[in-house]
Number of protein chains: 2
Amino acid sequence: MKNNISGCSVEETMNVLGGRWKMLIISFLIEKTMRFNELRRALPHISQRMLTLELRDLENEGFISRKIYAEVPVKVEYSVTNDGEKLRPLIEEIKKTGIWLKSRT
Amino acid sequence: MKNNISGCSVEETMNVLGGRWKMLIISFLIEKTMRFNELRRALPHISQRMLTLELRDLENEGFISRKIYAEVPVKVEYSVTNDGEKLRPLIEEIKKTGIWLKSRT
DNA sequence: CAGTATCCCCAGAGATACTG
DNA sequence: CAGTATCTCTGGGGATACTG
């Protein structure tokens, strides 16, 4: 968390969920559990490195959980936690806004 | 706009309104018209340079308007446009989320 | 007051290669 | 398959000074 002396709620949300990818990742995982490479395919523009880093952040913040299956080859599934699920209204609103934005002009 | 080949709505919103400051600036202006230095005081962590750049972006996207009073010294007022006003539900949801985030642990 | 204009820097992110 | 490990580089953004 960089700057949040102001204690502003909007700033708090941006500090935790800002950036190009976090909301997008959650918007997929909130619909269904997904594997690592499945997410890569869903987000064609993110690098493997960034996806890993963003997933770790989201996990540390408690929004998603990571389940490892000790198979060969390894299988890892990501899904939203209860806290992640609480972001659904926000995600929905962001989606609505995006649809509207694309419809302008 | 960097990457939006996917056409995803969430990505669209992030491309247009992402970044640390845009949502925050709109959240202030949606409540009331403000002058430049008034905004600076409201956002203690933004540099003058960034505030100018972000305001120009938001103006170009049609979310805010800029009114110049030819007084001495100059007076410039920023306020949301009709399109900016349409972001209110999103801003409200971001605020709610921020309040919740701060209440966790 | 409300900005521009410069200079400068580093952290965020890409590319590539390797591995349990 | 699902990641690390490096190495590299760019441009976003800070600091400072100046101005209509």
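Chain letters run A, B, ... following the sequence lines, proteins first and then strands; every chain starts at 1.
Whole-Å rounding puts the A:Arg40 CZ to C:dA15 P distance at 11 Å. Between the CG atom of B:Asn37 and the P atom of C:dA2 there is a distance of 5 Å, rounded to whole Å. Look at CD on B:Glu71: it is 12 Å from P on C:dC1, rounded to the nearest Å. In this entry the distance linking CG of A:Leu55 with P of D:dT4 reads 10 Å, nearest Å. In this structure, B:Glu38 atom CD and C:dG3 atom C1' are separated by 16 Å, rounded to whole Å. Counting to the nearest Å, the C1' atom of C:dA13 and the CG atom of A:Asp57 are 13 Å from each other. Atom CD1 in A:Ile46 sits about 15 Å away from atom C1' in C:dA15, given to the nearest Å. With rounding to whole Å, B:Leu43 atom CG is found 15 Å from C:dA2 atom P.
The side chain of A:Val76 lies closest to D:dG3 when the candidates are D:dG3, C:dA2, D:dG13. For A:Met50, the listed nucleotide lying nearest its side chain is C:dG14; candidates were C:dG14, D:dT4, C:dT4. The listed nucleotides are D:dG3, C:dC1, C:dG20; the one nearest the side chain of B:Pro73 is C:dC1. With D:dG3, C:dG3, D:dG14 as the choices, the nucleotide that has an atom nearest any side-chain atom of A:Arg66 turns out to be D:dG3.
Across all strands shown, A:Val74 has heavy atoms under 4.0 Å from base atoms, whether or not it also approaches the sugar-phosphate. Residue contacts for B:Gln48: at a heavy-atom cut-off of 4.0 Å it reaches a base atom on one of the strands shown. Backbone-only engagement by A:Tyr78 is indicated by non-hydrogen atom pairs under 4.0 Å involving sugar-phosphate atoms exclusively.
A salt bridge is defined here as a Lys NZ or Arg NE, NH1 or NH2 lying under 4.0 Å from an Asp or Glu carboxylate O, and B:Glu61 with A:Arg104 meets this definition. For the pair B:Arg88 and B:Glu31, the salt-bridge criterion is met [side-chain N within less than 4.0 Å of a carboxylate O]. Between B:Arg41 and B:Glu38 there is no salt bridge, since none of the side-chain N atoms of the basic residue sits less than 4.0 Å from a carboxylate O of the acidic one.
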Would A:Leu87 and A:Phe63 count as a side chain to side chain contact (heavy atoms under 4.5 Å, CB included) if you check the C-alpha gap in whole Å, the side-chain angles of each, and the deciding distance to 0.1 Å?
CA-CA 9 Å; A:Leu87 297 173; A:Phe63 298 123; 3.7 Å; yes
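The nucleotide C:dG20 finds its pairing partner in D:dC1, both defining distances of the Watson-Crick or G-U wobble pair being shorter than 3.5 Å.
With a 6.0 Å radius and a threshold of 12 heavy atoms from other residues, nucleotides or ligands, A:Lys67 has its NZ atom at or below the threshold.
Between A:Arg49 and C:dT16 there is no side-chain N or O to OP1 or OP2 distance below 4.0 Å. Contact annotation: A:Arg35 reaches the phosphate of D:dA2 (side-chain N/O to OP1 or OP2, under 4.0 Å).
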